[in-house]
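A short worksheet on the structure shown next.
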Amino acid sequence: MTQMEVVYRYGAVPGEAEMRAIDNLRDVYGIRRISFNDREKTVRIEFDASRFKEPVLASLFRRAGIDVQEKLVLA
């Protein structure tokens, strides 16, 4: 298992329906943690890189209704 993190900036603030969809993503095998930073409008995802590639995660979040705009570089 290879642990990775990715941070995305999002546009529109997720509503109730989007947060329910995110709760369902928490159950996906390989996604370890999802945390939102409302002030910076970012979402941080810890995941198993042997299960997912970063573009697949972005696609999952977009399908859940999150307005993913850009991937941020982690220092």
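Hydrogens, waters and symmetry mates are skipped; everything else that's a heavy atom, side chains included, is used.
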(message) Quick test of your reading: applying salt bridge (Lys or Arg N to Asp or Glu O under 4.0 Å), list the pairs with at least one residue in residues 26-35, sequence neighbours left out, ordered by first then second residue.
(response)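 Residue pairs with at least one partner in residues 26-35: Asp23-Arg26, Arg33-Glu46.
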(message) Looking at Lys41 and Gly11, would you say the former's side chain and the latter's main chain have a donor-acceptor pair under 3.5 Å?
(response)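 Yes, the answer is positive, given that a donor and an acceptor are paired below the 3.5 Å cut-off.
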Check side chain to side chain donor-acceptor pair (under 3.5 Å) between [X] and all other residues, then give those that pass, not counting sequence neighbours.
X: Arg20; answer: Glu16
X: Glu40; answer: none
X: Gln69; answer: Asp67
X: Ser50; answer: Asp48

(message) Which Ile, Leu, Val, Met, Phe, Trp or Tyr residues join Met4 in one cluster when any pair of side-chain heavy atoms under 4.5 Å counts as a link?
(response)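 The other cluster members (ILVMFWY side chains, heavy atoms under 4.5 Å, direct or chained) are Val6, Tyr8, Tyr10, Met19, Ile22, Leu25, Val28, Ile31, Ile34, Phe36, Val43, Ile45, Phe47, Phe52, Val56, Leu57, Leu60, Phe61, Ile66, Val68.
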(request) Hey, could you give me the CZ/CG distance between Arg9 and Leu72, rounded to the nearest 0.5 Å? (result)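 Taking CZ in Arg9 and CG in Leu72, the distance rounds to 4.5 Å.
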(request) Supply the atom-to-atom distance Glu54 CD to Ser59 OG, rounded to the nearest 0.5 angstrom. (result)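 Answer for the CD-OG pair, Glu54 versus Ser59, is 10.5 Å.
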